[in-house]
**Q** 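Let me begin by handing over the structure; questions about it come next.
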Amino acid sequence: MNRMNRAILSIALLFSTSPLVYGQNAQSHSFKAKLEGVTVLKDIEADPYDAQVLSLEAPNPDGNIDKMKLQDAKQQSANMFPRKIVDAARTARKTTAAPSPIVAQNFVADSLTGIPPDNDMAISRGNKIVNVLNSRITVLDGNGGAMGKRIDLKSFSQPVGLNSLFNDYRYDPKVVYDAEADRYICVMLNSTNRNNYIVIGFTLSNDPEGAWSFYKFIGDYKNDTTWFDYPAIAITDEEIFLTGNKIKDNVSWQLGFSETVIYQINKQNGYDSAATLNYKIWDGINFDGRPIRNLFPVKAGWLPESNEQYFLSNRNFDVQNDTIFLVKVPGTIANGGNLTVQALKSPVAYGVPPNGRQPDTSVVLATNDGRVLGAYANAEEIQFVSTSIDTNTGSSAIYHGKISNYRTNPAVSHVHFITVDTLDFGYPNISFVGNGWGLNQSIITFNYTGPNDNPGLAAVMYDAKDYSDIVRIKTGEGSIKRLAGKEQRWGDYTGSQVDFNAYGSVWIVGIYGRADNQYGNWIAKLNSPVLGIKEELVVKDKGTVYPNPVNTYLSYSFTLEAETPMYFTIYDIQGRKVHELIAKKCKKGINLVQFNTASLPAGTYILKGVSAEGKDVMNERFVKQ
């Protein structure tokens, strides 16, 4: 892999001051959505011509009404922090740098494209990839990328209706894989203004080419002439959370943004294809009289550990600011609780990034604003990424932050800018890859471009102590030049997910510039180079299954010397898999797994527990009467 030297600005500070817990006016509203229908993906008949018309003046995220405000902020930033080449920064290397991520697989995600592609992906333990982009869904084999079913999003979500020839279209797709339930969830938007809806689909099995149940929510749920834009999703034990911005219809850019809202949705209703789907909407999420914009849901580092959901935001349109917002929804729809907002202080300010330079100087790539675009939580710490200006060089950089003790006494304890003066970076994402030394390790991925470098896809390893050199995952072949004007779309996001079959590995999807100046879509699997540092897993005290023989519920207790994700499976006496019981992150110390054996025929079985690294932790025989 080609590598680039990187400049480093890294600051680690601990704050003794407590964050502000704001008594804001957030409210929740309960709703039900009816089942619109079920479709089997593999049975959808594709249009043999697959004809599409792509607008070469596609709207920016949040609508064109905010474009002037963002341009003004970028111009102010450019005046304050002009671009400059800093030789020491460009050539800086640390002898203590972390080893670089290893590229295990990489291939074209989809040869077709949107403007921009808006790539996202999810991969199951069965190694089936669901790749979504504007405006298609594709199923791929995780071993090499062989393509299965590919269909446009509108045909895929046909059960929801919304089939007006001129007013209905699907865009901004997001997809997530629920490893505990072994299911997929896909979210997309339909149209804008009066025709705006949120469309959500749930698989009814672990086969993404099988049956999906579909529901829809109207964008203007308060009838206040606003529509829903820019979705982001994450899951907890029982629910899926969806955030987005409410944009006012047909008003000036100063008044366009209304607020950011949170949808809290019962995912089991969707998996069951229930006649009604229960959900709640949180709105009125403000701080100091100003709406908090672009709330990003924090995903679990590995598997969800509770029903709490945290969100991050910042003042993403500001030229410079140091506020990070931490928002919490404390429990399920049924359990209730109040949403809380805490304002934290970053030790280093962030600010709107400049647009990305390209070898073709007639065009630039839009970096959008400085919103949080990736985050995960693990072991009392949140790590997150956004795009920001590097004030030392005037280039577009990646802001990587850590929030320590996020549940009890949160503080932004670490900030690092991934930056190169001759390059511009954008649309980052981040995933957890290990807990060596008891500290969270991450792989950070992002798009890159520069006056001498065509747009491509890159990654950095953070080993909890230092950062690796930048690794080019996919090198660009040409500048991107699709729209009529100088500013070309570049995002609006990239995808990143842990590999639930390989602890320490992540799958990513992003874009690169093709030789024909169009968008290319690229998927890769990256491995952590320091996976072997993880604590050795030991079963300290081996337990016993009880009762044995068993009629109904069986229990098995065991003690671990290190926290680890575990997969529990039942096999018959011939070693054939009977049922995958559950995947769960097990804590250090005493754990108990229990399940109902009533559905098993009489006979002898084996309960097997395997760690995420594939190591057998338990192998216990039991008899079902």
Side-chain angles (χ1 to χ4, degrees), residues 1-2 4 49-61 64 67 70-71 74 83 106-121 131-136 138 145 147 150 152-153 169 171-173 353-368 387 395-396 420 422-429 445-459 470-495 508-524:
M1 287 293 112
N2 292 322
M4 297 178 283
Y49 294 98
D50 195 20
Q52 286 195 335
V53 177
L54 299 178
S55 170
L56 298 185
E57 300 293 346
N60 283 341
N64 286 330
K67 191 172 183 179
L70 183 58
Q71 287 176 341
K74 286 179 182 285
R83 289 187 183 275
N106 59 114
F107 45 82
V108 172
D110 198 317
S111 59
L112 301 175
T113 189
I115 303 176
D118 285 349
N119 265 316
D120 199 15
M121 59 86 65
N131 178 58
V132 290
L133 73 160
N134 278 338
S135 52
R136 287 179 174 83
T138 306
M147 185 176 291
R150 178 171 66 183
D152 66 277
L153 293 175
Y169 52 92
Y171 64 100
D172 275 7
N355 287 331
R357 298 159 288 180
Q358 296 197 80
D360 184 341
T361 57
S362 69
V363 284
V364 296
L365 289 172
T367 53
N368 201 12
T387 313
S395 61
S396 182
V420 175
T422 57
L423 292 168
D424 292 306
F425 302 145
Y427 303 98
N429 211 327
T445 53
F446 47 90
N447 296 331
Y448 72 86
T449 188
N452 302 307
D453 295 87
N454 292 314
L457 181 63
I470 296 167
V471 176
R472 301 190 191 215
I473 308 305
K474 175 57 180 173
T475 303
E477 301 163 0
S479 296
I480 292 172
K481 191 174 184 178
R482 293 300 315 278
L483 300 179
K486 183 178 179 67
E487 187 177 287
Q488 306 291 302
R489 299 293 299 279
W490 196 18
D492 293 328
Y493 39 79
T494 56
I508 66 167
V509 63
I511 67 173
Y512 66 97
R514 297 194 328 202
D516 60 0
N517 301 126
Q518 300 210 39
Y519 298 93
N521 309 298
W522 200 255
I523 281 179

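In this chain, residues are counted from 1 in sequence order. These numbers were taken from a predicted model, which means no experiment stands behind them. We use all heavy atoms of the structure for the numbers below, so side chains are in, but hydrogens, waters and symmetry mates are not.
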**Q** Does the side-chain contact (heavy atoms from CB on, under 4.5 Å) test come out yes or no for N368 and L70, once each step is laid out?
**A** CA-CA 8 Å; N368 201 12; L70 183 58; 3.7 Å; yes

**Q** Counting distance only, does the side-chain N/O of T494 pair as donor-acceptor with the main-chain N or O of Y427 below 3.5 Å?
**A**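 Answer holds: yes.
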
**Q** If only atom types and distance count, is the side chain of Q518 paired as donor or acceptor with the main-chain N or O of A515 below 3.5 Å?
**A** no

**Q** Can you see which heavy atom on S111 is nearest to which on R150, and at what distance?
**A**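 Answer, listing the atom of S111 first, then R150: OG-NH1, 3.9 Å.
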
**Q** As a quick check of understanding, evaluate side-chain contact (heavy atoms from CB on, under 4.5 Å) for Y493 and D172, giving each step before the final call.
**A** CA-CA 10 Å; Y493 39 79; D172 275 7; 4.1 Å; yes

**Q** If you compare all heavy atoms of A458 against all heavy atoms of I470, which two are closest, and at what distance to 0.1 Å?
**A**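 Taking A458 first and I470 second, the nearest heavy atoms are CB-CG2, 3.8 Å.
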
**Q** Report the C-alpha separation of N131 and M147 in whole Å, then their side-chain angles, then the decisive distance to 0.1 Å, and conclude whether the side-chain contact (heavy atoms from CB on, under 4.5 Å) test is met.
**A** CA-CA 10 Å; N131 178 58; M147 185 176 291; over 6 Å; no

**Q** Within a strict 4.5 Å, meaning less than it, do heavy atoms of the P116 and I511 side chains meet?
**A**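 SC-SC contact between P116 and I511 ruled out.
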
**Q** Are a donor atom and an acceptor atom from the side chains of D118 and N134 found within less than 3.5 Å of each other?
**A** yes

**Q** Are the side chains of S395 and R357 in contact, using a 4.5 Å heavy-atom criterion?
**A**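 Of all side-chain heavy-atom pairs linking S395 with R357, at least one is under 4.5 Å.
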
**Q** Do the non-hydrogen side-chain atoms of I473 and T445 ever get within less than 4.5 Å of each other?
**A** no

**Q** Compare every heavy atom of S396 with every heavy atom of D424, then report the nearest pair and how far apart it is.
**A** OD1-N, 2.9 Å

**Q** Kindly say whether R489 contributes a backbone atom to a donor-acceptor pair with the side chain of Y519 at under 3.5 angstrom?
**A**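 Looks like yes, one N/O pair under 3.5 Å.
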
**Q** Is any NZ, NE, NH1 or NH2 atom of the basic residue among D360 and K481 found under 4.0 Å from an Asp or Glu carboxylate oxygen of the other?
**A**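 So D360 pairs with K481 through a salt bridge.
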
**Q** Considering all heavy atoms of both residues, which atom of Q488 and which atom of V363 are nearest to each other, and what is their separation?
**A** NE2-CG1, 3.7 Å

**Q** Any chance you could measure I508, atom CD1, to N429, atom CG, to the nearest 0.5 Å?
**A**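 Answer for the CD1-CG pair, I508 versus N429, is 9.5 Å.
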
**Q** Aromatic rings F425 and F446: how do their planes relate, parallel, tilted or perpendicular, breaks at 30° and 60°?
**A** tilted

**Q** Taking all atoms of both residues into account, what is the closest heavy-atom pair of N517 and G478, and its distance?
**A** ND2-C, 4.3 Å

**Q** About how many Å separate CD1 of I480 and CZ of R514, when rounded to the nearest 0.5 Å?
**A**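 Rounded to the nearest 0.5 Å, the CZ-CD1 separation comes to 10.0 Å.
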
**Q** Return yes if some donor-acceptor pair links the side-chain N/O of Q358 with the main-chain N/O of T449 below 3.5 Å, else return no.
**A** no

**Q** Are the side chain of N355 and the backbone N or O of T367 linked by a donor-acceptor pair below 3.5 Å?
**A**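 Flag set: sc N355 to bb T367 pair under 3.5 Å.
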
**Q** Within the side chain of N521, is there an N or O that forms a donor-acceptor pair under 3.5 Å with the backbone of D110?
**A** yes

**Q** Using modelled atom types only, decide if a donor and an acceptor are shared between the side chain of N106 and the backbone of I523 within a distance under 3.5 Å.
**A**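 Pair absent, no side-chain N/O of N106 close to backbone of I523.
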
**Q** Tell me the closest heavy-atom pair linking Y448 and N454, and the distance in Å.
**A**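 Heavy-atom minimum between the residues: CE1-O, 3.7 Å.
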
**Q** Keeping the roles fixed (side chain from K486, backbone from T361), state whether a donor-acceptor pair exists under 3.5 Å.
**A**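 Side chain of K486 to backbone of T361: a pair is present.
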
**Q** Determine, step by step, whether W522 and V509 satisfy the side-chain contact (heavy atoms from CB on, under 4.5 Å) criterion, reporting the C-alpha distance in whole Å, the side-chain angles of both residues, the deciding distance to 0.1 Å, and the verdict.
**A** CA-CA 6 Å; W522 200 255; V509 63; over 6 Å; no

